[in-house]
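Below is one structure; the comments refer to it alone.
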Amino acid sequence: MTNTERLQQVWDTKDLNGVFAMFTDDAVMTIHHENKALSGDSLREELTSMVEDEETVSTEFRIIYENDECSVTYERIGGQFFGGKVSIVQLWRDGQVYHIEVSNVTDAS
């Protein structure tokens, strides 16, 4: 099982401790469409809120690219946090995410 598949598995089962174990202590999450960056306690609080929110679920998940150091995914995340299609880039160190960037994907009109 790849790093990305392991993270998706704990995310889908709403395993908060499993999600925390997938992130380094110095991890940073940049959420581009909200123009914010989270780390430390603020990142753990955001992850806790996302995992514990029953409406925040992933569908249409697919891995666009992955190796041991980087992955790019696409998915639809329902709920209060993203509520739509997102692209996520994750940088990995020793099987844990140390940097993650999330962007909403909008259809061109």
Considering residues, nucleotides and ligands other than [X], do more than 12 of their heavy atoms fall under 6.0 Å from its [atom1]?
X	atom1	answer
D15	CG	yes
E55	CD	no
N67	CG	yes

Can any side-chain N or O of [X] pair as donor or acceptor with the backbone N or O of [Y] at less than 3.5 Å?
X	Y	value
E5	T2	yes
E66	T4	yes
R6	G18	no
H99	L91	no
E46	L38	no
K14	D53	yes

Does [X] reach the side chain of [Y], with side-chain heavy atoms less than 4.5 Å apart?
X	Y	value
F23	Q96	no
F20	T48	yes
L7	V97	yes
M50	W11	yes
I100	I88	yes
E101	H32	yes

Chi angles and distances behind the salt bridge (charged side-chain N to carboxylate O under 4.0 Å, His left out) call for R93, D26: CA-CA 11 Å; R93 181 185 328 130; D26 62 343; 3.4 Å; yes

Working to the nearest 0.5 Å, report the span between [atom1] of [X] and [atom2] of [Y].
X	Y	atom1	atom2	answer
Q90	M29	CD	CE	8.5 Å
T13	Q8	OG1	CD	10.0 Å
L16	S49	CG	OG	9.5 Å
S71	I64	OG	CD1	10.5 Å

Answer yes if V89 and Y65 sit in the same cluster of Ile, Leu, Val, Met, Phe, Trp and Tyr residues linked by side chain heavy atoms under 4.5 Å apart, and no otherwise.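 Same cluster: V89 reaches Y65 through Ile, Leu, Val, Met, Phe, Trp or Tyr contacts under 4.5 Å.
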
So if you build clusters from Ile, Leu, Val, Met, Phe, Trp, Tyr with side-chain heavy-atom gaps below 4.5 Å, do I31 and L43 land together?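 Cluster IDs for I31 and L43 match.
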
Please evaluate residues S58 and E75 with respect to the criterion side-chain hydrogen bond (donor to acceptor under 3.5 Å, both in side chains), reporting the C-alpha separation (whole Å), side-chain torsions for both, the decisive distance (0.1 Å), and the verdict. CA-CA 6 Å; S58 171; E75 61 194 292; 2.4 Å; yes

Closest contact, heavy atoms only, [X] versus [Y]:
X	Y	result
S39	S42	O-OG, 2.8 Å
V72	S87	CG1-OG, 4.2 Å
V51	V19	CG2-CG2, 3.9 Å

Would you check, one step at a time, whether the test side chain to side chain contact (heavy atoms under 4.5 Å, CB included) holds for W92 with E69? CA-CA 5 Å; W92 297 86; E69 297 172 350; 5.5 Å; no

Given side chain to side chain contact (heavy atoms under 4.5 Å, CB included), test M22 with V10 step by step and report yes or no. CA-CA 9 Å; M22 296 298 299; V10 295; 4.1 Å; yes

Test side chain to side chain contact (heavy atoms under 4.5 Å, CB included) applied to E34 and V102, step by step: CA-CA 10 Å; E34 295 179 9; V102 182; over 6 Å; no

